[in-house]
Structure formats: C-alpha cells, structure tokens
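Below is one structure, written out as structure tokens; the observations come after it.
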Number of protein chains: 4
Amino acid sequence: MEPVKPRRERPASRAKGERSTRERLLETSARLFLDQGYHATGVSTILAEAGVNAGSLYHFFPGKEELLTGVLEWYLDQLGPVVMAPAEARTRDPVGRVFALLDFYRAWIAGSDFGRGCPIGNLALELGTAYPAARALVERNFEAWTDAVAGWLEEARERFPRGTDPRALAVFVLTTMEGGVMLARARRSLEPFDAAVARLRDYFRLLERAAS
Amino acid sequence: MEPVKPRRERPASRAKGERSTRERLLETSARLFLDQGYHATGVSTILAEAGVNAGSLYHFFPGKEELLTGVLEWYLDQLGPVVMAPAEARTRDPVGRVFALLDFYRAWIAGSDFGRGCPIGNLALELGTAYPAARALVERNFEAWTDAVAGWLEEARERFPRGTDPRALAVFVLTTMEGGVMLARARRSLEPFDAAVARLRDYFRLLERAAS
Amino acid sequence: MEPVKPRRERPASRAKGERSTRERLLETSARLFLDQGYHATGVSTILAEAGVNAGSLYHFFPGKEELLTGVLEWYLDQLGPVVMAPAEARTRDPVGRVFALLDFYRAWIAGSDFGRGCPIGNLALELGTAYPAARALVERNFEAWTDAVAGWLEEARERFPRGTDPRALAVFVLTTMEGGVMLARARRSLEPFDAAVARLRDYFRLLERAAS
Amino acid sequence: MEPVKPRRERPASRAKGERSTRERLLETSARLFLDQGYHATGVSTILAEAGVNAGSLYHFFPGKEELLTGVLEWYLDQLGPVVMAPAEARTRDPVGRVFALLDFYRAWIAGSDFGRGCPIGNLALELGTAYPAARALVERNFEAWTDAVAGWLEEARERFPRGTDPRALAVFVLTTMEGGVMLARARRSLEPFDAAVARLRDYFRLLERAAS
DNA sequence: CATGAATGAGTATTCATTCAT
DNA sequence: AATGAATGAATACTCATTCAT
C-alpha cells in the first residue's frame, strides 16, 4: 500500500495566520468591490493592496472577471457559517431568527459608517445581466439566503394563517433587507432601515394574530 | 423652500421634435448609466451614441460627474409627471395608487427583459458615498418618492390602526419596490417581485382589518 | 448656389514639408515593420519614433492591425509611381524593364546593409494566413506587381516561343526576386541575388533564341 | 571540416515512443514557430503544448533564443534524411531529383492548406539580421540545401552548356522554391508555385538543348 | 529533473479631458 | 457652439524569466 501523501493545502511553509496569494487576492477584491464597486476597482489597486504582482494574479485567475466570480463563490461559502449561523445561535424561535438576521445587517451597515451595502445586492445591481457567470452566482446567493430563511419560516408554519407560503414570506424578508440597506446607505442613516424592519415586524405580528 | 429655477428651453430655433445637444447628452447618459452603470459607461460611448463630439460635451458640462448629477436632476424633474401622475390618474383610492405605482415598476422591468432596474437604486448602490453631489441627489429622489407615497397614505390615515406612521409605511413600500426590482433583475423573473408585492398587499389588508 | 468649400486636406495650417500625424504613423510603422517585423515592433516604439502619443494613434486607427493594413495599402499606392515607373523610365525595351526592376531591388537591399528585405514578402511570410485583411492586401500587392511585369512581357510576346504565357513568366520573375532578396538578406551578400538574376537573364536569352 | 559531435540520446530509461522533455520542447517550438512565427509564439504556449513547465524549459535551454537556434540545428540535422533522401530515392537522374525535391515542397504546402511555408525561409525573413546566432544557422541551412542540389547538378554537368555553374543553378532552384512557396502561401493557391516550377523546368530543358 | 508560484517590465488599448481652429 | 485632433495617465493583461522546494 502506498503511503498517503500528507495532502498539504498547497504551499509547504506558511506561517500560521498568513494567507496564500490566492486568498489575499480574493479577500482584497471582495473588500474593494464592496467599497467601490466592480468597475471602479482597478486591478492595479487590488494588486497593490494585496501585495501581489500582476503576473501572479493571472497565474491564479484568468482575468478580473474570474476574480469577481471567485468572490461570489466565496460569499456563497460564507453564507451559512458567517451569516446564518449567528442568527441561529441567538435564538431557537424561527421568527426571532429572521429579525436576528436583519439585526446582523443593521450592525453591518452601521459598522462601516454606511460605506458598504450588501455585497451581493451591490454587485447584482451594478452588473445587471452583463456578466452571466456572475449573475448566476448572485442568483445562487439569493437562493441560498431565501432557502435558509424559508426553512426557518417553514418550522413556524402553524403560527401563520393557513395557506401562507413560507418561501414568499422569505422573499419579502429579503426585499425588505435589500431595500432597507440601500436606503440606509443612500441616506447615511439607519432610520429607513429601521422603519422598514419595524413594518415587517408589524406584519409578522398581524400574521400571527390572524392565524389564531 | 428653494425657489424653482425657471428652466429656460435654451436656443430659440430648433425644429419641432429635434433635441438640443444638451438634451441628447442627458438622455443618452441616462440610458447608458441605467443599462451599464456609471463606471462601465465611457464618455466616448455617450458621445458616439448621442452624436456629439468631445468638445461640445465639455462646453455644456464640466465633466462626466456633472453629467451624472444632470441625469439625477432630470430624474427628479420627471418623478412627478412621469412616475406619480399615472398612478394618481388610475384611481382616487390612496392604497390603490400605491399598488398602481408598484405596477408601473413591474411593467418597467418586464418591458426591458430585465435589463434595467430602478435608475435611482442602481446609482445609489454603485456610487455609494463616493460622489457626494450625486448621493445628495439620489437622496432627494428617494425623499420625493417617499413624500409622494406618504402623502397618499396620509389621506387614508383613518383606514389604518391609530398611530400608524404614513411615512414609515411609505418607506416600507419603497424598500419593497427596490428589493423587488433587484431580485427580479437578478433572477430574470417577475416572481420575486410579485411575491414581495403580494405580501405587502396582504400587510395593507391586515392593517385595514386591524383598524376597524 | 452654395460656394464650394475649399476642401483642404484636413488641417489648415501645416508648414510645407511637415507630415500629418496619420502620415507619420504610417511611415514610421512601415519602416519599423520592415526592419523588425510586425510582431517585434511595439506600438510604443512606433509612438516614440513618430512623436505621437498613444491616444492619437487610436484616433486614426482602430488598432495595430489597421496600422498594418494601412501600411500595405500605402505600399500598393506606391507600387506604380515608386517601383514600376523608374524601370519604365529607364528603357522602352520590355525585357530591359524587367531587369531594371530587379536592379531596383538589388539597390534596395544593398542600400541598407542587408537590413531590409522586400516589405511585402517579409509581411507575407511573417503573417501567413493569420491576418486575413493583411493577407488580402499582400495578395493584391503581388497581383499588381505581377500585372505590371506581365504587361511588359505581353508587349514582347513575339520575341518568345509561341505559347509562352507572359503572366507565368512574370510570376517566375517575382519568385526569383523574392527568393533572391531572401537569400541576400540571410547571407548578407548580393551573390545569391546576382546568381539567381543571372540565371533568369540566361533563361530569357534562351527563350528569345528559341523563338527565332 | 568539423568533426560531427556524437549526439548521445540522453537518458537511458524511456519507454519506446515516448519523447524526452527536451525533444518535446524542440518539436513543439518548431511547429509553433512555423505556424505563427518566432515573435508571435509565446513561451507559455510552447510550455502548454509541450506539456512542460517553465522551470524545466530553463533547465534545458538558457532562453527562448536558444530554443530558436535549437530548432534551426534540428532542421539542419533533418535536411539530409528527411528532405534530400526521398528525392534521391525517387530517381537516379540528377535533374529529376531537383524536380522531385520541388515536388516535396509542393506536397508540404498543399498538405497544410497553405498554413505553413518553408521553415527556414520564414525565419530568415522574420528575424533578418537581428539574431546573429539564428541567422548563421539559417545561412548554414541554405548552404547545405544549395550544396546538396549543386552536388546533383555537378553530376549532370555535361548536359548543360560549357561554363554553366552548378552552384549558381542550385541557388536559382532555391530562389524559385522559396519565392514559389511564398506566393503559394500568400495566394492560398498552388498556381504560382506551379507556374514558377514550370518555367524553371523549361529553363532546364532549354539548357540541355543548348548543350548538345 | 520536475513543479508551479513569483517577478516586474512590457503589451496593446482606453480613459476622461483639453485644445486650437 | 461645433469640430476633431491632441494629451498622457491609466486600464487589463502577457511577457520571458527566476526561484524555492
């Protein structure tokens, strides 16, 4: 029997905490795309901020567009552990989780002085239908988000009026979040986000009352 | 309150139907910014599609950024006559007007095979806080939109539970519209838009029932 | 009646002898492509040697490839006045003209210390079939060359054996010239060129003898 | 005369039919240089098509230029066995061998849909005098070619008029071949090649007649 | 010998803007 | 106002080569 190769993740020697070139490129791109948008971010800026030189980028990615899709894939991977898990950890109550999730986004926009919005929403609007591969990944991110929330609402099914569709409700939560984040960023204020979320909470309250 | 500047129609002699150079620049810019975004649209493309040459653009506008603010001012001018007026013409019922307005956006996105979103929302997300003049105009567009809808809801005040804030409700309508348009564009489908609007309609129904 | 516009060739003010930007680009490109080949010539070198800056090149030409086709068109224009006319001026004898033409190429390669070959032949071999537009122009240059020589030989028809095809003979003159120029450049010597031309001259002598 | 270096077949253990890394690099380079030219061929393309990685290339060759000279040496090695031998095998008649050789080139260009020319001629024109080492090898290839043909014609000496120089005649055969291949490639047709070869054959016929 | 990441100067081209006419 | 050439920094990307493992 052949001895199993130790299967190291690429490079043999990297100090603990250091990030590989590829990872640094993705993280830096993600941050810059979020701050400035895709088109406003020059490859040379990514290179400078990641401390990578031009040739290396193209060793790992065919071009800027694949950096974009790489970032969107990375967001998809992070959605569960980074976005949904904390909301699930906060409470067992399905509806509580929905508003914990919205709280996560509230903290996110507040924490950057309104400089950033929803990474997916930003790219969704900036790129439109012009980059099919990116659009497909945007769609998958939205799907995964909706699936997770719909899953929670499914559990709370009997608390809503008969015939209430948990998935449609999840979509409504998503539109509220995206619209709220957009307005908060434009107005540089949490007020519109809070107003929208409060109305959504009111809706859930009325739904639960109507069910009983 | 600022006095409205008496917008003069520039040159005296122009054949009926012809558009001035300035107007052609604004219209073309508006279309291209909507289709592709601000950064993805090159000045040379605007020039070519408007049939204007470089020197002329800079005669009318100091630079590309003023083209952007010009477009946003133009949207602000159009909001009343082009967006709100049709909804008001459709029905006298305030809540009916809200959903007529949402119908207007539904038709707008359907009519372009999902190629375009909300012009203001797109620019809001793409530009973030990087262009203060533009951001201020985005904000004024959102304000004017919210004001108009809040005005309608004010009229219907007694149909909602005591203490319901018409402006907060208007913000909620706006977040639903923006979120719905975003998802429709990303998914290339009216389904998420329709789902969100249906939930909003349900909320209004529950509100009206709760009021009585 | 409208007064006829003076139809100036582009720019109003240019000192006598000065060349337009477009002309400078074509001349510089022609020279560099001849010295180094198409691929070995960088756009930045053309720019520097022509004293033109990047933007201006792309104002006149869509790209490097159109610079190439521009050069080939320019050669086609020059073929009559610069290449054929001197040979025709030298003698009225058709066969004499053929060898006057070959003498022109002899002087051309000798005059550059073997640094340059036939501009068309060089590009023909370097580009092969990869650039269809350029290849078509190479072909037209060869056609025009062959036509001119065939025209001369036509006049001398009765000096050759019955059935001798003047065009095939012209092609043979061209292959001899191109092959001779190639060998002269590779060997850095006129010897192979002279040897080939001497054999060709011998062939013509034998043809004329065989006719009588 | 230089002693021939005893070219060792490098490593002892290689499965029959497998090619060494070095051989794969040379073959791939030869093919790509022929198809696209030297400058248009990127080292990374050679690497990819040969299935070799960057470090290995530079283990065998100091740089791209030595790949070029390696290819030209390889052509020189092949000239006898691959190019001349078949013509010699076809017939014992010296003049017959000349036209058998030209037939070999005819088949060569026809067999590639005019995509390739004479490997040596292509490089001769593309590189000019810029790469001394390569130019010297181009020259040696042409010399060897001419020597071989001159050797045949030497044997047929008494069939030509007294004083006919076999070497000059061999050069003429070479210019006809190179010119013919060039025109065939440019015109994407065998017609000019055939026309030139037919004239050359006619010349040989007249020479032989004049001798008797 | 092989691997593949790293290097950074170089490529062709586009950008928004300015200028002289 | 209009024209279109000029400007030159910036764009995304490729090049041949080197290096550590």
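In what follows, chains carry the letters A, B, and so on, assigned in the order in which the sequence lines appear, proteins first and then strands, with residues in each chain numbered from 1.
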Inset, instruction - Could you walk me through whether A:Thr21 and A:Leu57 pass the side-chain contact (heavy atoms from CB on, under 4.5 Å) test, one step at a time? - result: CA-CA 8 Å; A:Thr21 300; A:Leu57 190 163; over 6 Å; no
By nearest heavy atom, map D:Ser56 and D:Ala40 onto DNA chain F; which one lands nearer the 5' end?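 Upstream on the strand: D:Ala40.
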* Asked: Relative to the 5' end of DNA chain F, which residue comes earlier, B:His59 or D:Gly63, by the nucleotide with the nearest heavy atom?
  ->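 That would be B:His59.
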Please pick, from [options], the nucleotide with the shortest atom-to-atom distance to any side-chain atom of [X].
X       : options                : value
C:Ala54 : E:dC15, E:dT14, E:dT17 : E:dT14
D:Thr21 : F:dA9, F:dT14, E:dA2   : E:dA2
C:Tyr58 : E:dT13, E:dC1, F:dA6   : E:dT13

Strand partner of E:dG10, provided both Watson-Crick or wobble distances fall under 3.5 Å:
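Paired with E:dG10, as far as the under-3.5 Å criterion goes, is F:dC13.
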ask   = Considering Watson-Crick and G-U wobble pairs with both distances under 3.5 Å, what does F:dA20 pair with?
value =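 Pairing partner: E:dT3.
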Just verifying a value: how many Å separate C:Asn141 CG and C:Trp74 CH2, rounded to the nearest 0.5 Å?
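If we round to the nearest 0.5 Å, C:Asn141:CG and C:Trp74:CH2 are 12.0 Å apart.
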Within this structure, what is the [atom1]-to-[atom2] distance between [X] and [N], rounded to whole angstrom?
X       : N      : atom1 : atom2 : result
C:Lys64 : E:dG10 : NZ    : C1'   : 12 Å
A:Glu65 : F:dC13 : CD    : P     : 9 Å
D:Leu57 : E:dT3  : CG    : P     : 13 Å
A:Leu47 : F:dA10 : CG    : P     : 15 Å
B:Phe60 : E:dT18 : CZ    : P     : 17 Å
B:Asn53 : F:dG4  : CG    : P     : 6 Å
D:Arg24 : E:dC1  : CZ    : C1'   : 12 Å
D:His39 : E:dA12 : NE2   : P     : 12 Å

Check your understanding: Quick one: is F:dT11 close enough that its OP1 or OP2 comes under 4.0 Å of any side-chain N or O from A:Ser44?
Key ->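 True: A:Ser44 side-chain N/O within range (under 4.0 Å) of F:dT11 OP1/OP2.
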Self-check item: Intermediate values then yes/no, side chain to side chain donor-acceptor pair (under 3.5 Å), D:Thr28 and D:Glu49
Solution: CA-CA 7 Å; D:Thr28 308; D:Glu49 302 221 353; over 6 Å; no
message: Over all strands shown, is C:Gly55 touching base, sugar-phosphate only, or nothing at heavy-atom distances under 4.0 angstrom?
response: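 Base contact.
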For a quick check of understanding: with a heavy-atom distance under 4.0 Å over all strands, which category does A:Thr41 fall into, base, sugar-phosphate or nothing?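 If one applies the 4.0 Å heavy-atom cut-off, A:Thr41 turns out to touch the sugar-phosphate alone, with no base involved.
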> Are any non-hydrogen side-chain atoms of A:Phe33 and A:Glu126 less than 4.5 angstrom apart?
Replying inline: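 Result no, sub-4.5 Å side-chain heavy-atom pair not found.
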What's the verdict on side-chain contact (heavy atoms from CB on, under 4.5 Å) for D:Phe61 and D:Thr69, showing C-alpha distance, side-chain angles and the deciding distance?
CA-CA 10 Å; D:Phe61 300 91; D:Thr69 50; over 6 Å; no
Residue mapping more 5' on DNA chain E - nearest nucleotide basis, B:Val43 or D:Val52: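 The residue closer to the strand's 5' end, by nearest nucleotide, is D:Val52.
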